[in-house]
There are 2 protein chains.
Amino acid sequence: MDAPPKVNSTAASLLGFLHRQPMTGWELVQTARRTIGDFWSLTPSQVYRELNGMAAAGLVEAGQRGSRERRPFTITATGRAAFRAWLEAGPSEETIRMPMLLTVLFGEELASDRLSAILRHQRALHAARLAAYEAVNTTDDRNRRTVYQQATLDFGITYERAVLAWFDRLPRGLRGG
Amino acid sequence: MDAPPKVNSTAASLLGFLHRQPMTGWELVQTARRTIGDFWSLTPSQVYRELNGMAAAGLVEAGQRGSRERRPFTITATGRAAFRAWLEAGPSEETIRMPMLLTVLFGEELASDRLSAILRHQRALHAARLAAYEAVNTTDDRNRRTVYQQATLDFGITYERAVLAWFDRLPRGLRGG
DNA sequence: TAGAACATGTAACGGGTTACATGATTTG
DNA sequence: CAAATCATGTAACCCGTTACATGTTCTA
């Protein structure tokens with residue numbers, strides 16, 4: 001009857017990965033980078049801290065230390081319940097923070113060639129990200145991805161294409177010569 | 001020769017607004033919500049804390065308290081230098097955090113009608129945001145907006161349209177219905 | 001004139017970021 | 001075998017969020 005402890009999205013994601021098998025902190029870092037890194041950033045520090053916190057709260061259990069101080073964590077029944085509660089609650093509200101748009105908004109204070117140089121650089125970063133997504137999308141075997149994984153990849157591609165289209169529709173004054 | 005103190009994007013934005021005239025914390029909150037609120041969230045608490053910090057660092061100066069404990073802040077020469085340094089440096093790297101995509105990725109753990117209900121709700125939120133942007137774009141006098149303001153508005157519209165298109169291309173299993 | 005909304009803050013917490021430490025393993 | 005890199009963490013800081021307090025002005 002006790003409600004399971006509330007977890008944040010980072011902790012919940014770790015619990016999600018631990019459903020399949022026990023993992024060490026490092027393995028979780030790698031898994032997270034690979035599977036959610038494109039839309040949910042995290043650092044090793046966070047992972048180790050969350051694991052300690054979740055162990056204290058009984059959501060995971062630490063196993064025996066192996067070589068190199070490596071310590072596998074196993075999800076508990078409480079951990080599964082906490083993950084499920086987080087998932088059922090639906091996504092928390094998206095907080096949009098776009099540093100580039102701050103630069104654009106205050107752009108009149110900048111020399112116009114400096115602003116357009118900054119924007120061209122930003123465009124290149126987005127173009128590179130799009131290329132990476134499309135490479136994965138076309139090269140890798142599609143059947144290796146679940147519909148859920150494919151949906152997140154599609155989001156990335158759709159987003160980056162839209163951003164590039166925005167760059168290319170900027171007035172000349174901002175886009176540069 | 002002394003490098004100006006480094007400021008974060010929130011503090012820098014406040015300095016940007018203070019270029020025109022001295023403002024109180026509350027006025028800054030309103031101005032920020034109105035002009036950058038769509039792509040840079042901030043709370044009154046942050047504003048008051050940043051103002052105190054910047055006053056201690058000599059970037060702004062607090063004026064006489066007026067009625068209702070109201071206290072106007074004026075930007076200093078150091079403050080202008082710090083703002084300029086922040087602006088010249090270009091935007092910090094965008095950290096993308098999309099809680100909704102976490103829900104999608106772990107979606108196979110959810111009952112499929114629950115997932116599609118969540119996604120339909122999210123779609124409605126984005127549709128509402130797009131409608132609000134487009135209302136501003138078509139109703140308000142375009143000549144009241146600088147090219148910089150128009151560019152950020154265009155970004156919002158482009159982004160929300162792309163997100164809606166993504167929703168509408170999801171496989172039936174995720175979209176429901 | 002009582003209650004609502006406005007305006008101005010402080011305090012505490014949560015969690016993301018950065019810096020640092022240290023032993024294990026790999027590689028030149 | 002020395003240097004680089006891997007792996008595992010701790011500590012401190014920064015800053016966004018939430019909760020709370022309090023006086024002021026407006027409105028029914």
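By convention in this document, chain letters (A, B, ...) are assigned in the order of the sequence lines, proteins followed by strands, and residues within each chain are numbered from 1.
For the atom pair CG of A/D154 and CZ of B/R169, the computed distance is 7.0 Å after rounding to the nearest 0.5 Å.
At a threshold of 4.5 Å between non-hydrogen side-chain atoms, the residues B/P91 and A/Q122 count as touching. Proximity of A/R145 to A/N137: side-chain heavy atoms (C-beta onward) are separated by under 4.5 Å at one or more points. A/H126 is listed as a side-chain neighbour of A/F167, based on a closest heavy-atom distance under 4.5 Å.
Whole-Å rounding puts the B/R97 CZ to D/dT17 P distance at 12 Å. The separation between B/L14 atom CG and D/dG16 atom P is 10 Å, rounded to whole Å. With rounding to whole Å, A/M23 atom CE is found 16 Å from D/dA7 atom C1'. The CG atom of B/L28 sits 14 Å away from the P atom of C/dA7 (whole-angstrom rounding). Between B/E93 atom CD and C/dT18 atom P there is a gap of 10 Å when expressed in whole angstrom units. C/dC6 atom C1' lies 14 Å from atom CZ of B/R33, rounded to whole Å. As a whole-Å value, the separation of A/Q30 CD from D/dT5 C1' is 13 Å. Taking atom CG of residue A/N8 and atom C1' of nucleotide C/dC13, one finds them 13 Å apart after rounding to whole Å.
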Determine, step by step, whether A/W40 and A/T10 satisfy the side chain to side chain donor-acceptor pair (under 3.5 Å) criterion, reporting the C-alpha distance in whole Å, the side-chain angles of both residues, the deciding distance to 0.1 Å, and the verdict. CA-CA 8 Å; A/W40 196 264; A/T10 299; 3.0 Å; yes
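Comparing B/T24 and B/T95 against DNA chain C, the residue whose closest nucleotide sits nearer the 5' end is B/T24.
Centroid-to-centroid, the aromatic rings of A/Y148 and B/F106 stay 6.0 Å apart or farther.
A heavy atom closer than 4.0 Å to some atom of DNA chain C occurs in A/T43, A/S45, A/Q46, A/R49, these being the qualifying members of residues 37-53 of chain A.
In this model, the phosphate group of C/dA7 is not approached by any side-chain N or O of B/R71 to a distance below 4.0 Å at OP1 or OP2.
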